[in-house]
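Everything on this sheet refers to the single structure shown next.
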Amino acid sequence: MHRPVRTVRPARPVLLVVAHGSRDPRHAATVHALVRRVRALRPDVRVETGFLDFNVPSVQGVLESLEAEAEGVRDVVALPLLLTRAFHAKSDIPAVLAAAPPRLRIRQAEVLGPAPLLLSALERRLYEAGLTPADKSSTGVVLASAGSSDPEAIAVIADIAREWRHTGWCAVRPAFASASLPRTEDAVRQLRALGCARVAVAPYVLAPGFLPDRIARGAAGADVLADVLGPSSEVARVLLERYDAARVPVAVAVGA
């Protein structure tokens, strides 16, 4: 006589949020606030945080701790807390993950951007800064990102600006705080010259820090400066979408 086969659903993979890290304490505080929001949205998912540089715990340290746990963590989804797929996503993070304990099965999720929810977050930040939907047709927006030397990342920012322009803004211009041009202040002047009644700067960055501060200085000639994306619900939802797309649940049959 055979007992029926029982299908056991394995634990969900641990979500490891991989942040860049910064000497600016606001960066880590924002990352931890975002992770708390993710945990609140999905209490069934275990979420850990690791930093590539400057902050603790390190990514390697978190992975080693997971491997050493008595309950036997095996599956991890490493999610780059990045808005574009540039050097860190292509090189730094894969290198760190390759050095992880061999017992762990790790999948690297896609970066957060581009995503429609992130455009929604950018727009909400502008409204929180004082704009209204009625202002869109007369307002030019500077989409200000950190910048990159990676052509793919620069092209993505330009594509986002073009897409966002089609939602009703007077104009949208990309700008970069480092590595690429134009700078925020140059894009502000371009929009003034274009005849936009007002100019707003929307930082396409996740957390405060050195480059976001440079964006803010470049926005001195604008009428409105929005806050960084931060621990917004939209960012948390995109993060979970990337996690769900990366994890591969496998059913295990138990019983004889």
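What you see below is based on every heavy atom in this structure, not just the backbone, and it leaves out hydrogens, waters and symmetry mates.
- For Arg23, the CZ atom sits in a loose shell: 12 or fewer heavy atoms of surrounding residues, nucleotides or ligands are nearer than 6.0 Å.
- One finds the CD atom of Gln60 at 10.0 Å from the OG atom of Ser65 (value rounded to the nearest 0.5 Å).
- Rounding to the nearest 0.5 Å gives a distance of 4.5 Å between CZ of Phe176 and OG of Ser145.
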What's the verdict on salt bridge (charged side-chain N to carboxylate O under 4.0 Å, His left out) for Glu67 and Arg74, showing C-alpha distance, side-chain angles and the deciding distance? CA-CA 7 Å; Glu67 192 269 343; Arg74 291 292 181 273; over 6 Å; no

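- Listed by chain and number, the hydrophobic cluster partners of Phe87 come to none, as no ILVMFWY side chain reaches under 4.5 Å of it.
- Here Arg46 pairs with Glu48, Glu69 under the side chain to side chain donor-acceptor pair (under 3.5 Å) rule; sequence neighbours left out.
- A salt bridge does not link Arg39 with Asp44: every distance from a Lys NZ or Arg NE/NH1/NH2 to an Asp or Glu carboxylate oxygen is 4.0 Å or more.
- The nearest pair of heavy atoms linking Gly218 to Val188 is O-CG2, 4.2 Å.
- Counting all heavy atoms, side chain and backbone alike, Ala226 lies closest to Ala129 at CA-CB, 4.0 Å.
- Every residue two or more places apart in sequence or in another chain was checked for a salt bridge (Lys or Arg N to Asp or Glu O under 4.0 Å) with Arg237, and none qualifies.
- Nearest heavy atoms, His27 versus Ala19: NE2-CB, 4.3 Å.
- Applying the side chain to side chain donor-acceptor pair (under 3.5 Å) test to Arg198 and every residue at least two apart in sequence or in another chain returns Ser138, Thr139.
- With sequence neighbours excluded, no residue satisfies side chain to side chain donor-acceptor pair (under 3.5 Å) with Asn55.
- Separating the CG atom in Asp150 from the OG atom in Ser180 is a distance of 9.5 Å, to the nearest 0.5 Å.
- Here Lys136 pairs with Glu123 in a salt bridge; the nearest charged N to carboxylate O distance falls below 4.0 Å.
- Looking at every heavy atom in both residues, Leu82 comes nearest to Leu206 through N-CD1, 4.2 Å.
- Ion pairing between a basic and an acidic side chain is recognised when a charged N comes within 4.0 Å of a carboxylate O; Arg12 and Asp244 show no such pairing.
- For Arg189, the salt bridge (Lys or Arg N to Asp or Glu O under 4.0 Å) partners at least two apart in sequence or on another chain are Asp186.
- Within the model, atoms CG of Leu34 and OG of Ser232 stand 7.5 Å from one another, a figure rounded to the nearest 0.5 Å.
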